[in-house]
There are 2 protein chains.
Amino acid sequence: AEKAKPKRLSYEERGALAKNEALKRLYQTMVEKKSNLSVAADVTSATELLQIVDKVGPHICCLKTHVDILDTWNDEIAASLVDLAQKHNFVIFEDRKFADIGNTVVSQYSSGVYKISEWSDIVNAHIVPGPGIVDGLKQVGLGKKKGLLLLAEMSSAGTMAKGSYTEETVKIAEENPDFVIGFISVNPNSWAKKCKDGSLVHMTPGIKLQRGGDGLGQQYNDPKSAISRGSDILIVGRGVYRAEDPKLAAQEYQKAGWEAYLSEL
Amino acid sequence: AEKAKPKRLSYEERGALAKNEALKRLYQTMVEKKSNLSVAADVTSATELLQIVDKVGPHICCLKTHVDILDTWNDEIAASLVDLAQKHNFVIFEDRKFADIGNTVVSQYSSGVYKISEWSDIVNAHIVPGPGIVDGLKQVGLGKKKGLLLLAEMSSAGTMAKGSYTEETVKIAEENPDFVIGFISVNPNSWAKKCKDGSLVHMTPGIKLQRGGDGLGQQYNDPKSAISRGSDILIVGRGVYRAEDPKLAAQEYQKAGWEAYLSEL
């Protein structure tokens, strides 16, 4: 017979342990809105993005963006996103997947056309370049009270983010408790015990009520199984933004994710 | 006593073996210009970028760009870069380090503000997400006669691109001979024998005549030692663009790199 799982700390308790401002804000939002849903609105029209975000906003704790797929970008669009984040109370996570040496990510995070550090609360990074990537991003983001997620695992087939690679992300995270707020994870229960900091958050992409794939390596998981594997925040992309009614879909995922969370406490 | 190294194939011979149009063009350019130098002009001003490129253009086989650190970007800047590439005969390598799932990189490569696939000849990718990232990029780039480099190694301290990770890049490269043209490498002689395709090119970043580091994890190597470790193309950043006279510096690196190459034949 399976052993009973130890009860999980609540999001409130995790928030109280958090050492980073952006992470505290994230847990607070989750509790206030009863939502562990992050929507990835990966449309290419900026106008459509803002429309979808205004619809799904009440149901999400976090908006995940890919600004570099939008047909247009300017300071007004950035300001509109920040306005929507305030109106609906969510944090903005630019899924940039930084993956360069420290000196380069400093510029990629703070400068360029997108000036990501000015409007996003959270970004993420691969550790392939080594710990210098975290040093570089921290130089830009820490003073602005931003947070960084490390990609510990990926949802795509054949990912190299596994085993000792995943363990190294834990090490780098624990060396940077002021700035690293958690992980992109798929099966955190299988490795996150090695992580002593209980405040760190696990966000899981590739969530869909219908399982399957996309023909380019993506593999979907449903909300309940993701939460039971240790995920804290469910990232839903095509399940919401390609739904006939994105608001209704977001509502469904919010409910499914929150019930799955409550059943673990 | 050290064994005599086996002689290397010349760039002409490699070009004759190449299965990808962009790779053939690259080798041809190297031979015509007697240059294995790639300059990374990582300035943040687009105007300054174009000025530097016009100065160093005669000495390089490849321009490496980071468009996402430029203060401004539009179709005219893209057109100016392409004009300079034709004027001075070099290929353009956008060092985007794609690192997302297949479906996302399709949009990141072809769309967004930068439309990278329209003006760059070469891009690169991390294999962390698994082989779907190559499938996605190939969907965009193959028909446009573009080429893809995989990051097999990195020049930064503590990089995770080593051992079995590096070996996996070889496997994915050999599964995609029509599109993958080579690697970002540091010590290719230590692992590239496992790669049966002799046409694949090794490009090495972090090259500087003065060794050292940058305080954010970058570790420099000099041209001669990089070539003797199996590199084909030397990527020089701060050694050229921060030099008092970038044209003169490019000339020096061109000479040092070419003499190092000739000494290996």
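A note on names: the letters A, B, ... follow the listed sequences, proteins ahead of strands, and every chain is numbered from 1. Because the structure is predicted, anything quoted here is derived from the model rather than measured.
Contacts between residues 135-149 of chain B and chain A, defined by a heavy-atom separation under 4.5 Å, are made by Asp135(B), Gly136(B), Gln139(B). Residues of residues 162-170 of chain A lying under 4.5 angstrom from chain B, judged on non-hydrogen atoms, are Ser164(A), Tyr165(A), Glu168(A) by number. Among residues 150-160 of chain B, the residues having any heavy atom closer than 4.5 Å to a heavy atom of chain A are, in sequence order, Met154(B), Ser156(B), Ala157(B), Gly158(B), Thr159(B), Met160(B). Residues of residues 94-111 of chain B lying under 4.5 angstrom from chain A, judged on non-hydrogen atoms, are Asp95(B), Arg96(B), Lys97(B), Ala99(B), Asp100(B), Ile101(B), Gly102(B), Asn103(B), Thr104(B), Val106(B), Ser107(B), Gln108(B), Ser111(B) by number.
Neither side chain, Asn189(A) nor Arg229(A), offers a donor N or O lying under 3.5 Å from an acceptor on the other.
Side-chain atoms of Asn74(B) come within 3.5 Å of backbone N or O of Ile77(B) as a donor-acceptor pair. In this structure a side-chain-to-backbone donor-acceptor pair under 3.5 Å is present from Asn20(A) to Asp178(A). In this structure a side-chain-to-backbone donor-acceptor pair under 3.5 Å is missing from Glu48(A) to Val43(A). Looking only at distances, a side-chain donor or acceptor of Asp222(A) sits under 3.5 Å from a matching main-chain atom of Ser225(A). At least one donor-acceptor pair under 3.5 Å links the side chain of Asp232(B) to the backbone N or O of His202(B). Using modelled atom types, no side-chain atom of Ser120(B) and backbone atom of Ser117(B) make a donor-acceptor pair closer than 3.5 Å. Side-chain atoms of Asn176(A) never come within 3.5 Å of backbone atoms of Phe179(A) as a donor-acceptor pair (strictly under, hydrogens ignored).
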message: side chain to side chain contact (heavy atoms under 4.5 Å, CB included), that's the test. Do Leu63(B) and Leu81(B) meet it? Break it down for me.
response: CA-CA 9 Å; Leu63(B) 172 71; Leu81(B) 272 180; 3.7 Å; yes
- request: Take Ile92(B) and Phe90(B) through the side chain to side chain contact (heavy atoms under 4.5 Å, CB included) test and state the conclusion after the steps.
  value: CA-CA 7 Å; Ile92(B) 303 176; Phe90(B) 59 76; 4.1 Å; yes
Side chain to side chain contact (heavy atoms under 4.5 Å, CB included) evaluation trace for Val39(B) with Tyr253(B): CA-CA 10 Å; Val39(B) 162; Tyr253(B) 279 100; over 6 Å; no
message: Between Met203(A) and Ser231(A), is the side chain to side chain contact (heavy atoms under 4.5 Å, CB included) condition met? List the steps.
response: CA-CA 6 Å; Met203(A) 299 184 58; Ser231(A) 175; over 6 Å; no
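Ranked by non-hydrogen atom pairs under 4.5 Å with chain A, the options Pro129(B), Ala161(B), Gly206(B), Ala46(B) are led by Pro129(B). Residue with the most contacts toward chain A among Gln218(B), His66(B), Lys115(B): His66(B) (heavy-atom pairs, distance under 4.5 Å). Your options are Val67(B), Ile127(B), Asp214(B), Thr72(B), and the one with the most heavy-atom pairs under 4.5 Å with chain A is Ile127(B).
A distance of 5.0 Å separates CD1 in Ile235(A) from OG in Ser38(A), rounded to the nearest 0.5 Å.
Side chains of Tyr220(A) and Ile207(A) form no contact here, defined as non-hydrogen atoms less than 4.5 Å apart. Side chains of Ile69(B) and Asp42(B) form a contact here, defined as non-hydrogen atoms less than 4.5 Å apart. The side-chain heavy atoms of Tyr241(B) and Arg238(B), taken from C-beta on, include a pair separated by under 4.5 Å.
Nearest approach of Ala226(A) to Leu234(A), heavy atoms of both residues: CB-CD2, 3.7 Å.
Between Trp119(B) and Trp73(B), the ring centre distance stays below 6.0 Å.
Heavy-atom distances place the backbone of Leu70(A), and not its side chain, under 4.5 Å from chain B.
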